[in-house]
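Working notes, structure below.
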Amino acid sequence: MSTRIQEDACPACSSALDAASDLDGDDRPKEGDVSVCFYCAAVLQFDADLRLRVFEGELEDDVGAQVALVVRHVKASPVFGQRPAPRSRA
């Protein structure tokens, strides 16, 4: 299930992102949660202000496997690479 979030731009491709999905339920994202950009498949992480940043670090094995699966699905999506017009970050 997707949850609406404050609109932010993907730090990797500048696409506008305004929703997030939790693989384990329908919880709102919190600091440290990992996400994947639906447009460029970049692995992202929510910071303390719930702004998206490019993920830099290592994922635990089970989380890493889930993220890798999501990245594969995003890359196989017919909209992959068809980004909307970039929006500037505030």
Side-chain angles (χ1 to χ4, degrees):
M1 171 176 250
S2 290
T3 300
R4 291 282 175 205
I5 60 171
Q6 178 179 339
E7 187 173 299
D8 199 1
C10 172
C13 72
S14 300
S15 294
L17 302 174
D18 65 357
S21 298
D22 184 351
L23 296 176
D24 296 325
D26 60 352
D27 294 332
R28 295 200 49 81
K30 60 188 175 300
E31 180 182 4
D33 282 354
V34 176
S35 188
V36 176
C37 175
F38 192 74
Y39 298 101
C40 73
V43 179
L44 310 172
Q45 188 170 38
F46 288 94
D47 68 12
D49 296 322
L50 297 184
R51 301 283 312 262
L52 293 164
R53 303 287 178 239
V54 173
F55 178 79
E56 297 177 2
E58 294 184 30
L59 297 170
E60 297 175 16
D61 288 342
D62 57 334
V63 174
Q66 288 180 330
V67 170
L69 180 63
V70 171
V71 168
R72 281 195 300 275
H73 282 280
V74 168
K75 288 182 175 180
S77 168
V79 300
F80 178 68
Q82 299 179 15
R83 297 187 295 257
R87 296 183 184 175
S88 61
R89 292 184 68 121

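Here the closest non-hydrogen pair linking Ala16 and Tyr39 is O-CE1, 3.8 Å. In this structure, Phe38 and Ser77 approach most closely via the heavy-atom pair CZ-OG, 3.8 Å. Closest approach of Arg28 and Thr3 over heavy atoms only: NH1-CG2, 2.8 Å. Residues Gly32 and Gln45 share a closest heavy-atom pair of O-NE2, 2.9 Å. Among all heavy-atom pairs drawn from Ala9 and Ser14, the shortest one is CB-O, 4.0 Å.
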* Before giving the answer on side-chain contact (heavy atoms from CB on, under 4.5 Å), spell out for Leu52 and Cys10 the whole-Å C-alpha distance, their side-chain angles and the decisive distance to 0.1 Å. => CA-CA 7 Å; Leu52 293 164; Cys10 172; 5.9 Å; no

* List the steps, then state whether side-chain contact (heavy atoms from CB on, under 4.5 Å) holds for Phe46 with Ser35. => CA-CA 8 Å; Phe46 288 94; Ser35 188; 4.0 Å; yes

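Here salt bridge (charged side-chain N to carboxylate O under 4.0 Å, His left out) pairs that include residues 35-50, with residues two or more places apart or in two chains, are Asp47-Arg53.
Under the 4.5 Å side-chain heavy-atom criterion for grouping Ile, Leu, Val, Met, Phe, Trp and Tyr, Leu69 is not connected to Val71 through any hydrophobic cluster.
In this structure Val70 satisfies the side chain to side chain contact (heavy atoms under 4.5 Å, CB included) test together with Leu23, Val36, Val74, sequence neighbours excluded. Asp61 meets the side chain to side chain contact (heavy atoms under 4.5 Å, CB included) test with no other residue; sequence neighbours excluded. Not counting sequence neighbours, the partners of Leu59 by the side chain to side chain contact (heavy atoms under 4.5 Å, CB included) test are Val34, Phe55, Val63, Val67.
Between Val54 and Val43, the closest side-chain pair of non-hydrogen atoms is not below 4.5 Å. Using a 4.5 Å cut-off on side-chain heavy atoms (C-beta onward), Cys40 and Ser15 make no contact.
No side-chain donor-acceptor contact under 3.5 Å links Asp18 to the backbone of Ile5.
Here the CD atom belonging to Gln66 is positioned 10.5 Å from the CD atom belonging to Glu60, to the nearest 0.5 angstrom. Rounded to the nearest 0.5 Å, atoms CG (Leu17) and CG (Leu44) are 7.0 Å apart.
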